[in-house]
Q: 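First, the structure itself, so that you have it in front of you.
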Amino acid sequence: MAAGEWWRHGVVYQIYPRSFADGNGDGIGDLPGITSRLDHLNDGTPDSLGVDAIWLSPFYPSPMADFGYDIADYTGVHPDFGTLDDFDRLVAEAHARGIRVLVDLVPNHTSDQHPWFLESRSARDSPKRDWYVWADPKPDGSPPNNWMSTFPSAGRAWTFDEATGQWYLHSFMREQPDLNWWDPEVRAAMDDVMRFWLDRGVDGFRIDVAHKMARDPELRDNPLVELGEGELSATELEARLAGQQRFDQNWPEVHEILRRFRRTLEQYDDRMAVGEVYLLDLATLAGYYGQGVDELHLVHNFVFVRQPWKAEAFRQTVDELWSLLPPGAWPAWFLSNHDHSRVATRYDEGGNGQARARVAAMMVLTLRGTPFLYQGEELGMADSEIPADRVIDIDGRDAERTPMQWDGSPGAGFTSGDPWLPIPGSAREVNVAAQREDPGSMLSLYRRLLWYRRGSAALRQGGYRSLTDTPGGLYAYLRTEGDERLLVALNFTGRPLRYDVGALAPAGRLELSTHPDRLPGGQVGLGPLEVGPDEGLVIRLP
Ligand code: NOJ
Ligand code: CA
């Protein structure tokens with residue numbers, strides 16, 4: 001692929017290292033395990049998934065209060081995951097297969113066991129005191145303001161330190177104190193972290209909670225927002241509640257920090273950053289690319305993830321984001337990650353979860369933008385049931401983090417030992433080995449979609465136009481590049497739909513269907529086009 005902008009064309013696959021592949025039988029996934037499974041991701045042939053890059057969730061030394069998002073050393077590898085040599089081998093093997101490697105950068109907070117924090121909390125006059133956000137109690141001894149942790153079960157965003165008589169801020173768990181990005185030494189220290197990994201050959205970063213690093217320096221109370229009368233959709237409710245977070249995130253200086261990250265990246269060839277910007281306002285989100293497209297290369301869009309299974313909702317978000325993006329900015333599309341219920345469960349209504357997950361896959365892989373997939377999504381993995389005595393995450397996310405299902409053996413090919421999270425019984429049928437051989441499987445659909453996309457300039461980089469005269473429940477769009485014209489039609493309903501697109505052409509060639517028994521090739525009439533229940537189609541127009 002042409003150097004420079006691989007991240008505009010490629011497909012990125014997220015690996016949750018703890019749950020991908022266990023190389024040494026201790027029940028925890030590790031870096032050598034990942035290396036041993038790279039051929040599944042891309043062996044250069046359509047037998048493999050065919051991804052262009054992997055994003056590794058954190059594998060750094062950590063007490064694991066938040067499974068690695070509480071980092072105690074930014075430039076090492078947790079012994080559970082292996083060593084730096086293992087990391088180097090993973091990068092070399094990935095690059096040998098044309099797979100780029102992104103690592104997770106968690107700049108908003110460290111572990112409370114990071115030496116920086118230990119030093120900071122040791123005394124009020126510690127040289128690193130100002131590296132974190134310390135504040136005096138209010139006169140009545142209560143916390144400095146009303147900010148809350150993102151995790152409801154963690155309560156307030158402040159913890160009192162008895163020894164030094166001040167509170168420290170943590171946007172997540174109390175084990176994850178927030179760094180103070182107003183301090184120039186913090187900025188310089190994170191530059192060094194970035195350079196450490198860039199020098200080791202990583203192709204870029206996924207930036208954890210990129211919208212949180214800067215907040216009101218005066219630490220003012222968040223306003224309490226009226227939720228108003230009447231019913232609110234989940235997204236509207238979220239947006240209103242987000243208004244409640246006026247002072248503790250998305251502060252203007254965050255853009256200065258992101259420009260600094262971009263400048264560091266630009267000292268290297270061909271590197272990039274994708275940011276987790278969990279803000280549910282698309283105009284604000286678009287601002288994270290920077291005015292001159294000088295901030296994040298890609299921005300994860302959580303409005304897209306959080307909406308209901310409705311054609312109109314998806315079309316509206318996609319069209320609206322495109323209308324808001326500054327020139328040169330490029331969207332990223334994803335529906336799953338390690339923090340969200342899996343698609344096959346989230347959208348399931350009475351047993352149609354798999355069919356809908358197939359339509360979702362076609363959408364993410366044919367929209368104009370960079371698709372991100374989450375491990376297991378290519379198998380249609382559902383959320384796992386976690387028995388009460390195995391619940392281990394503070395925020396109820398175990399269900400989407402259970403081990404990758406490689407084969408039908410008791411450890412699912414993930415481990416020869418006891419897996420850290422239970423493997424569901426369904427893994428006997430839902431696994432890579434079984435689905436590889438089945439042309440109708442979810443994995444086969446993903447492989448077809450990815451390899452088709454690779455060969456299609458229209459899908460990788462072509463224009464996008466949504467069609468607005470569709471019947472209710474159908475999301476249809478054109479992707480075009482030169483004389484390659486593709487029509488994508490996605491049926492979000494359980495009914496067959498007819499859509500007259502005879503004006504485009506009397507007939508087209510069926511390239512892909514999400515229905516396992518509908519084989520590609522052959523002509524389909526367009527006046528009208530018939531789309532089956534819960535079916536997605538890609539049709540080449542003459
Ligand atoms: C977002 C990460 O994706 C999530 O897993 C983590 O708990 C928080 N950020 C805190 O780092
Ligand atoms: Ca292991």
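Sequence positions, counted from 1, serve as the residue numbers for this chain. Just so you know, ligand 1 is whichever comes first in the structure, and atom 1 is the first atom listed for that ligand.
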Q: Show me the pairs that pass ring-ring contact (aromatic ring centres under 6.0 Å, His included) and involve residues 416-436, at least two apart or across chains.
A: F67-W420
Q: Do the side chains of D383 and R342 get close enough for a salt bridge, i.e. N-O under 4.0 angstrom?
A: no
Q: Would a distance-only check, ignoring hydrogens and angles, find a side-chain to backbone donor-acceptor pair under 3.5 Å from S149 to F172?
A: yes
Q: Using atom types as modelled and distance alone, determine if a side-chain donor or acceptor of D395 lies under 3.5 Å from a backbone N or O of F151.
A: no
Q: Do the two ring centres, one from Y289 and one from H297, sit under 6.0 Å apart?
A: no
Q: Less than 3.5 Å apart, any donor N or O on the side chain of N108 or R215 sitting next to an acceptor on the other?
A: yes
Q: What orientation do H114 and W116 show, parallel under 30°, tilted 30 to 60°, or perpendicular over 60°?
A: tilted
Q: List in chain and number order the residues that pass side-chain hydrogen bond (donor to acceptor under 3.5 Å, both in side chains) with R259, two or more places apart in sequence or in another chain; answer none if no residue qualifies.
A: E295
Q: Which N or O atoms of ligand 1 sit under 3.5 Å from a protein N or O, and how far apart is each pair?
A:
unit_1: ligand 1; atom_1: 3 (O); unit_2: R206; atom_2: NH2; d: 3.1
unit_1: ligand 1; atom_1: 3 (O); unit_2: H338; atom_2: NE2; d: 2.8
unit_1: ligand 1; atom_1: 3 (O); unit_2: D339; atom_2: OD2; d: 2.5
unit_1: ligand 1; atom_1: 5 (O); unit_2: H338; atom_2: NE2; d: 2.9
unit_1: ligand 1; atom_1: 5 (O); unit_2: D339; atom_2: OD1; d: 2.8
unit_1: ligand 1; atom_1: 5 (O); unit_2: D339; atom_2: OD2; d: 3.4
unit_1: ligand 1; atom_1: 5 (O); unit_2: R397; atom_2: NH1; d: 3.3
unit_1: ligand 1; atom_1: 7 (O); unit_2: D66; atom_2: OD1; d: 3.3
unit_1: ligand 1; atom_1: 7 (O); unit_2: D66; atom_2: OD2; d: 2.5
unit_1: ligand 1; atom_1: 7 (O); unit_2: R397; atom_2: NH1; d: 3.0
unit_1: ligand 1; atom_1: 9 (N); unit_2: D208; atom_2: OD1; d: 2.8
unit_1: ligand 1; atom_1: 9 (N); unit_2: D208; atom_2: OD2; d: 3.2
unit_1: ligand 1; atom_1: 11 (O); unit_2: H109; atom_2: NE2; d: 2.9
unit_1: ligand 1; atom_1: 11 (O); unit_2: D208; atom_2: OD2; d: 2.7

Q: Do K212 and D248 meet the salt-bridge criterion of a basic N to acidic O distance under 4.0 Å?
A: no
Q: Listing by chain and number, which protein N, O or S atoms are under 3.0 Å from the Ca ion (ligand 2)?
A: D22 OD1, N24 OD1, D26 OD1, I28 O, D30 OD2
